[in-house]
Amino acid sequence: MISIVGFPRIGQNRELKKWVEGYLDKKLLKDELIKNSRVLKETHCKIQKKYGIDLIPSNDFSFYDTFLDHAMLINAIPDEYKNLGKDELDTYFALAKGYQDEKYDLKALPMKKWFFTNYHYIVPEITDRTSFKLSTTKPFNEFSEALSIGIKTKPVIIGPLTFLMLSKKSGVDIYDKNFWEKLLTVYIEIIETFESIGVEFVQIDEPILVTDLQKNDIELFLSFYRNLLCHKGYLKIVLQTYFGDVRDIYEKLISLDFDAIGLDFVDGKYNLGLIKKFGYPKDKFIIAGVVNGRNVFKNNYKESLEILDTLSTFVEKKNIVISTSCSLLFVPYSLKFETQLDDSQKKYLAFAEEKLMELSELNTLFYQHEYTKNSLYIQNIHFFEELSTKKFSDINTVVNNLTDDDFERKPSFEERIKVQKEVFDLPNLPTTTIGSFPQTKDVRQVRSKFKNKEITFEEYDTFLKAKIERVIKLQEEIGLDVLVHGEYERNDMVEFFGENLEGFIITKNGWVQSYGTRCVKPPIIFSDIKRKRPITVEYIKYAQSLTKKPVKGILTGPVTILNWSFVREDISVKNVALQLALAMREEVLDLEKAGIKIIQIDEPALIEKLPLKRCYHQEYLSWAIRAFKLTCSKVKPQTQIHTHMCYSNFDDILDEIAKMDVDVITFEAAKSDFTLLDSIKKSALKAEVGPGVFDVHSPRIVSKEEMERLILIMIEKIGVGRLWINPDCGLKTRKEDEVIPTLQNMVLATWEVRNKKLKNNIKR
Ligand code: GLN
Ligand code: ZN
């Protein structure tokens with residue numbers, strides 16, 4: 001049998017993004033949104049059917065986020081949103097995007113990164129007022145819709161432990177039987193409803209099992225499922241894990257009455273050892289995740305078949321289901337649109353659709369008596385032999401010659417910051433933004449004209465410079481202290497650098513959902529990385545020439561470029577990171593030479609790829625932080641280095657972040673509470689900090705009073721001396737009329753605090 005864990009839902013040309021945005025902008029009717037999406041879901045089922053997928057997932061579709069869908073399903077949503085009196089869909093979007101009218105002003109629920117991916121899920125909050133009950137019918141409807149076109153799907157839902165652990169909990173004890181039994185009742189009802197409508201397989205996702213588990217988490221898991229599994233009747237339950245191995249719970253997991261267990265053999269290579277050591281129950285299916293769901297390179301059939309062969313010594317062949325390691329949500333839709341890539345590049349790649357094909361070929365080979373003689377297999381072997389000759393080479397000599405000196409900035413932070421305070425004549429609570437300004441329609445249109453060669457470079461350049469002039473003027477009018485050039489020349493903070501560095505493959509349609517309707521097009525790192533020419537200097541220099549205020553030179557850090565690209569699996573990521581760092585170091589030094597005094601090296605993805613198991617943290621952080629430091633170790637003491645991070649939990653690793661040795665760090669805090677500031681105070685981090693005072697992912701206009709309150713709390717927690725005032729991320733995805741008033745309010749709030757609280761505008 002063949003299965004997949006989930007399919008990309010955004011559509012082959014990002015149709016869903018356009019429909020949802022159209023609906024939210026009141027340009028598309030609700031009925032149309034629903035009707036169009038139904039056709040999209042059918043298309044996705046049919047394409048899987050075409051490749052012979054036996055267990056086709058449903059309920060992996062979502063208008064915005066499946067975690068939020070699940071919160072709606074079990075009624076784990078705050079009353080304020082229900083009290084809006086909207087229907088299900090509009091309540092849903094109010095939760096996702098925030099809601100504002102004359103009467104109400106509700107924030108969007110916060111988002112967090114989904115494990116180590118660049119997908120952001122919406123974080124529900126569970127409080128003592130949450131009353132779990134079955135509240136929507138989405139998973140059942142989607143099963144019935146597919147059934148009506150003759151496809152019996154495998155509904156997918158999020159498991160209770162993962163849901164509880166990844167939600168925010170306020171005033172509840174999830175380990176208390178009285179608490180979790182209420183949730184259990186809802187899961188029983190879900191399972192029974194599936195059974196009553198004819199579902200045969202249901203997939204319950206428990207990726208949390210691949211993290212470090214505490215004893216009480218394991219106890220909770222066991223108690224919950226022992227109860228739930230008593231209610232399953234004929235229904236077969238697949239307990240699906242991904243993103244790693246289940247070493248903390250394996251023996252107990254196989255003793256439960258699941259019909260199938262889904263294991264990841266790509267990120268969770270250790271799983272095979274667990275099976276070898278502890279065996280696997282003969283009567284259960286095993287969902288063998290051998291095709292990588294989160295990278296775009298071809299599958300190595302020899303390796304996959306070796307895993308499957310090993311499994312078949314424990315489980316009967318008919319019980320082995322060949323599958324992806326995780327959902328295909330993390331890879332683009334299909335290679336068929338990449339008409340501009342030549343075959344010498346394309347032949348190494350497999351996107352979602354091609355992965356369906358790989359699964360089907362692996363299945364054929366697995367059942368063939370002597371598959372090593374099959375031409376599919378032989379071709380694949382040749383292919384990987386050929387690839388192994390294309391190892392990274394040139395720059396490695398440079399990388400090997402680096403010394404400790406290349407990684408340490410001098411003098412110490414204390415000495416630098418003294419010098420910098422003199423150089424920059426900044427007031428207390430300096431205000432700034434994170435870099436990008438709204439990428440309005442004109443920006444996107446002109447860029448696409450330039451890419452399609454409808455306008456010349458000169459015309460494009462003139463347009464960008466006019467945008468820069470405007471945004472500099474705007475920031476001066478608003479009264480911000482440290483300005484930015486707006487990042488209008490960048491389609492995306494990683495793709496843009498990929499386009500301007502050697503060694504990358506850029507796709508035309510390789511979109512991957514990042515959150516809600518936002519998609520990114522990760523570049524593919526294929527060979528040695530070199531900087532072809534200065535990348536950011538020209539426009540930043542131009543922006544600085546227009547104003548007396550400091551303009552930040554902004555670029556993306558090496559670890560984020562690496563983590564938001566697809567990287568070949570047969571080369572060392574550490575070396576790729578160092579190669580990227582050397583390229584970005586050239587850029588940093590060129591900016592400094594061009595007179596740019598503040599340089600921000602964005603690393604929003606540094607923490608994202610922190611290994612899920614603590615025992616691997618040190619190894620990752622040591623090379624990631626070294627790569628970051630390599631980019632800025634050689635700047636002068638008076639050049640101020642900033643970094644920006646967002647959407648990750650970094651409470652626990654502040655002492656590691658301190659090792660990055662930056663002068664200023666801005667980060668996301670507006671939607672979370674401010675416990676992070678307490679942790680900062682206690683940590684080794686010395687840098688000045690800019691915790692975002694408003695959430696850039698919501699269209700909500702934030703009032704001066706709201707931000708003033710936040711600033712006062714922040715001052716209390718961290719002191720005036722090290723505090724910067726800024727939004728929590730780039731403004732790129734917002735509209736100008738949402739952003740300008742909020743930025744004005746932010747500056748007014750800061751002035752108010754400076755005047756009232758600090759009595760005068762004292763210099764820092
Ligand atoms: N400088 C980038 C911007 O402002 C940072 C974006 C990010 O953190 N994701 O868009
Ligand atoms: Zn950010």
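Just follow the structure's listing: the first ligand is 1, and inside any ligand the first atom is 1.
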Original post:
Can you list the atoms of ligand 1 that are under 4.0 Å from a heavy atom of G730?
Top reply: 3 (C), 4 (O), 10 (O)
Original post:
Would you call D678-K717 a salt bridge at under 4.0 Å N-O?
Top reply: yes
Original post:
Looking at C646, which atoms of ligand 1 are within less than 4.0 Å of one of its heavy atoms?
Top reply: 8 (O)
Original post:
Of the protein's non-hydrogen atoms, which lies at the shortest distance from atom 3 (C) of ligand 1, and what is that distance?
Top reply: S436 OG, 3.3 Å
Original post:
How close do L555 and E587 get, heavy atom to heavy atom, and via which atoms?
Top reply: CD2-CG, 3.5 Å
Original post:
Is D442 paired with K449 through a side-chain N to carboxylate O contact shorter than 4.0 Å?
Top reply: no
Original post:
Which atoms of ligand 1 sit under 4.0 Å from any heavy atom of C729?
Top reply: 6 (C), 7 (C), 8 (O), 9 (N)
Original post:
Does an N or O anywhere in W564 fall below 3.5 Å from an N or O of ligand 1?
Top reply: no
**OP:** Return a yes/no value for Q600: is any of its N or O atoms, backbone included, closer than 3.5 angstrom to an N or O of ligand 1?
**Re:** no
Original post:
Do NZ/NE/NH1/NH2 and the carboxylate oxygens of K593 and E586 come within less than 4.0 Å?
Top reply: no
Subject >> Salt-bridge present (R294, D267; N to O < 4.0 Å) >> reply: yes
Original post:
With a cut-off of 4.0 Å, which atoms of ligand 1 are near a heavy atom of G435?
Top reply: 4 (O)
Original post:
Is it true that the NZ or CZ of K467 lies under 6.0 Å from the centre of Y488's six-membered ring and within 45 degrees of the ring axis?
Top reply: yes
Subject >> Ring-face cation contact, F424 with K597, 6.0 Å cut, 45° max >> reply: no
Original post:
Taking NZ, NE, NH1 and NH2 as the nitrogens, is one of them in R490 or E499 under 4.0 Å from a carboxylate oxygen of the other?
Top reply: no
**OP:** Go through ligand 1 atom by atom and flag the ones less than 4.0 Å from a non-hydrogen atom of I554.
**Re:** 1 (N)
**OP:** For ligand 1, find out whether one of its N or O atoms is nearer than 3.5 Å to an N or O atom of I434.
**Re:** yes
**OP:** Determine, considering heavy atoms only, which of T556, T666, D602, T733 sits nearest to atom 5 (C) of ligand 1.
**Re:** D602
Original post:
At a non-hydrogen distance cut-off of under 4.0 Å, which region of E487 contacts ligand 1 (side chain, backbone, both, or neither)?
Top reply: side chain
Original post:
Once rounded to 10 degrees, what value does the angle at the Zn ion (ligand 2) take between SG (C646) and NE2 (H644)?
Top reply: 110°
Original post:
Of all the non-hydrogen atoms in the protein, which one sits nearest to atom 9 (N) of ligand 1, and at what distance?
Top reply: M493 SD, 3.4 Å
**OP:** For the pair D25 and K735, find out whether any cationic side-chain nitrogen is under 4.0 Å from an anionic carboxylate oxygen.
**Re:** yes
